[in-house]
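Chain naming here is simple, since letters A, B, ... match the order of the sequence lines and numbering starts at 1 in each.
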Amino acid sequence: MADPVVFAEGLHKSFGDTHALRGLDLSVPSGTVCGVLGPNGAGKTTAVRILATLSDPDAGHARIAGYDVVREAGKVRARIGLAGQHAAVDEKLTGRGNLRMFGRLSHLSRREAHRRADELLERFGLMDAADRQVTGYSGGMRRRLDLITSLILRPEVLFLDEPTTGLDPRSRGEIWDSVRELVAEGTTVLLTTQYLDEADQLADDIAVVDHGQVIATGTPDELKATIGDRLDVVLEDPAALGPAATVLKALAGTDPTMTGADRLSVALPGGGFRLADIVRELDRAGVAAADVGLRRPTLDEVFLRLTDRKELV
Amino acid sequence: MTDLAPPLGRRLRWTFTDGLTLVGRELGRLRHDPGELVAALIFPAVMVVLFGYVFGSAIQVPDGGDYREYLMPGLFAMVTFSAVMGVMTRMAADASRGVMDRFRSMPMARLAVPFGQTGADLLVGLLMLAVMVGAGLLVGWQPHRGLIPTAQAFLLMIVLRYALSWAGVYVGLAVKNDQVADAMVPLFLPFTMLSNAFVPTGGMPGWLRFLADWNPVSALTAAARELFGNPGVPSGNVAWPLAHPVTAVLLWSAALLVIFVPLSLRAYMRRGR
Ligand SMILES: Nc1ncnc2c1ncn2[C@@H]1O[C@H](COP(=O)(O)OP(=O)(O)OP(=O)(O)O)[C@@H](O)[C@H]1O
Ligand SMILES: [Mg+2]
């Protein structure tokens, strides 16, 4: 197997008494999208800043494309793009002016910087606004400009720190499309987000971060499988609640919760339950069910379960 | 940083090229927002008229000279000190908006940002001086001692301005927050006014006079009065910086550079580290 493009091991970082990272490990294979998911203050931005050479870890080490982020920061910088939580562009310049300036600062020749600016504006649909000052851009346009500014050097690895926070659904969709295109061309993306659907949509692998540590990793499907399916039963006769609950408890190993006067719900551990078997079990106990539903959990449920064990039973 | 460093020559060239790109950025900003530049240029002109005629109507210059002749060197000094505020707010704005982080995550020359910012301020400073000279000539001020001393006076202002802009870089990086930086701008006025720029320090209470005499604004004002041949050159027993103003300004400039260049570079390279 090829070496991971993004690799972090045992990263620690404290700000005074706040332990932002406590031994974070991460490994992203080339050409994939890794979604780093975590609640506010989990340490996502801190981790991205270390990987993007903006900040040094207190302990642990990280490599991008094989180069150490502390000792070989210059080599790392030549291979990454970063779009942070704010749109980091000069508001007073035009979109084109920003791209040209950052192109020159990336050591492209003047001609090349101009050509690349036009190419990016054209491709990501900002040509119409190219000569307007960024002050007059909408939030979505600003983010898009910020994103394409980080693409000037065709980075091997792109860090996106909450790229769609605060955007309307349409602008989010546009950013998603742009990210998918980049990935199709072979860019490796590390994306932090609080939106589970974003991770579900874009990420090949997800790392759930809480209190500065990765507490779960896997594909979206694998993560959903860890909390199993959810079984919802609606009874024809509320009087059958007692026997139904006994059947569900026998299947799931935990007490079901009442979600209505005539309905019960329970999480089934692992996979492998078939609807037909469940209906037969209910039949055998003489319970008449109006509806039996077996539902894949959403990533939301996985997330809440992993980051706050008290929330869901 | 123990990067396998590229040759020094190439690094210096990139520092210079990237610095120029950033100077170009500041000029681009001014071109897109000419209002800002006009406001910055009108400010000194308004000061000339306001102080020249409003204060001038009431203040007696010690050796009986014209107040506007007395005032102009002080206003030149005041404008010189505005470098701190300008550079500080620009650095803080970049730091708080994430633009600085973008610079720092790019393979650009690391020293280019502070050098570009101070270089751009120098150009703005030259423009402001030009406007001031125009406004001064209009209200009857002029240098009296010929070309060389006049050129020396302006050179002194430029040197001190450049040194001061490095103090601005450091303070801007230290506060990191554009709102805090904006809130600090008004401090500029009392600082420059606590000097000999507008009134002689002789009439101030002892402790205040001490502060005013040692304020670098006073040294620059005194140096400019001397080199322009304008009234208000102190005589008799005065504080050392006012007796040797040119030396004092050069020492101030050197001290500012020695302190703030390394501090700024360290703060820039290390931010968030
Ligand atoms: N520069 C700093 N100084 C002090 N504390 C900091 C600093 N940066 C981060 N922290 C703290 O470290 C912890 C992790 O912060 P971080 O910004 O990495 O979280 P995050 O996962 O990105 O959160 P969010 O979803 O809100 O962006 C938080 O408790 C935060 O307050
Ligand atoms: Mg964050």
Side-chain angles (χ1 to χ4, degrees), chain A residues 13 15 45-46 48-58 67-68 70-94 96-98 100-110 113 131-135 146 149-150 152-153 155 159 161, chain B residues 1-7 10-11 13-37 89-90 93-113 115-117 120 176-178 268-273:
Chain A
K13 180 81 183 179
F15 302 98
T45 300
T46 308
V48 167
R49 288 178 61 85
I50 290 175
L51 294 173
T53 78
L54 294 177
S55 167
D56 283 345
D58 296 340
Y67 296 108
D68 188 278
V70 178
R71 290 196 315 275
E72 298 166 301
K75 292 221 170 70
V76 171
R77 288 186 196 116
R79 288 168 172 79
I80 59 168
L82 169 67
Q85 259 174 308
H86 332 262
V89 287
D90 191 325
E91 301 263 310
K92 292 279 171 69
L93 298 180
T94 61
R96 196 195 299 270
N98 268 292
R100 286 179 174 180
M101 172 182 75
F102 285 113
R104 290 292 284 152
L105 292 175
S106 309
H107 299 170
L108 298 182
S109 71
R110 183 178 300 276
D131 294 312
R132 296 214 319 260
Q133 268 186 298
V134 175
T135 334
D146 189 50
T149 305
S150 59
I152 290 173
L153 280 187
F159 295 106
D161 193 8
Chain B
M1 203 124 342
T2 50
D3 263 16
L4 293 176
R10 216 174 73 203
R11 260 191 325 186
R13 211 189 62 209
W14 278 128
T15 304
F16 184 72
T17 318
D18 291 347
L20 276 187
T21 304
L22 290 171
V23 171
R25 168 200 184 199
E26 295 304 316
L27 299 184
R29 292 170 62 92
L30 292 178
R31 199 161 51 81
H32 286 296
D33 224 351
E36 204 170 289
L37 182 63
T89 46
R90 295 288 300 117
D94 276 356
S96 64
R97 305 249 166 78
V99 176
M100 200 77 84
D101 279 345
R102 163 145 283 147
F103 289 147
R104 292 168 71 246
S105 74
M106 287 174 46
M108 61 183 278
R110 312 226 85 191
L111 304 185
V113 170
F115 278 108
Q117 205 64 252
K176 289 181 198 170
N177 177 325
D178 54 344
Y268 178 75
M269 313 261 237
R270 222 191 35 144
R271 272 201 57 224
R273 293 226 148 199

Practice problem: Given side-chain contact (heavy atoms from CB on, under 4.5 Å), test A:Arg104 with B:Thr17 step by step and report yes or no. | Solution: CA-CA 9 Å; A:Arg104 290 292 284 152; B:Thr17 318; 4.2 Å; yes
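- Residues meeting the salt bridge (charged side-chain N to carboxylate O under 4.0 Å, His left out) test with B:Arg25, sequence neighbours left out: A:Asp90, B:Asp94.
- For A:Arg96, the salt bridge (charged side-chain N to carboxylate O under 4.0 Å, His left out) partners two or more places apart in sequence, or in a different chain, are A:Asp118, A:Asp131.
- The minimum heavy-atom distance between B:Gly98 and A:Ala88, with the atom names listed, is O-CB, 3.2 Å.
- At a 4.5 Å heavy-atom cutoff, the contact between A:Ser150 and chain B is made by backbone and side-chain atoms alike.
- The contact between A:Asp146 and chain B is made by backbone and side chain atoms together, counting heavy-atom distances below 4.5 Å.
- For chain B, no part of A:Phe159 is nearby; none of its heavy atoms comes within less than 4.5 Å.
- Remark: A:Leu105 CG to B:Thr21 OG1 distance equals 5.0 Å, nearest 0.5 Å.
- In this structure, no portion of A:Ile152 lies under 4.5 Å from any heavy atom of chain B.
- Here the CE atom belonging to A:Met101 is positioned 6.5 Å from the CG atom belonging to B:Leu22, to the nearest 0.5 angstrom.
- Under the 4.5 Å side-chain criterion, counting only non-hydrogen atoms from C-beta, A:Arg79 is not in contact with B:Pro107.
- Closest heavy-atom contact between A:Thr53 and B:Arg104: OG1-O, 4.1 Å.
- Rounding to the nearest 0.5 Å places CZ of B:Arg29 at 9.0 Å from CD of A:Glu91.
- With rounding to the nearest 0.5 Å, the separation of CZ in B:Arg10 from NE2 in A:His107 is 9.5 Å.
- For the pair B:Arg102 (side chain) and A:Leu82 (backbone), a donor-acceptor distance under 3.5 Å is present.
- Heavy atoms of B:Ala109 lying under 4.5 Å from chain A belong exclusively to its backbone.
- The minimum heavy-atom distance between B:Met106 and A:Ser106, with the atom names listed, is CE-OG, 3.5 Å.
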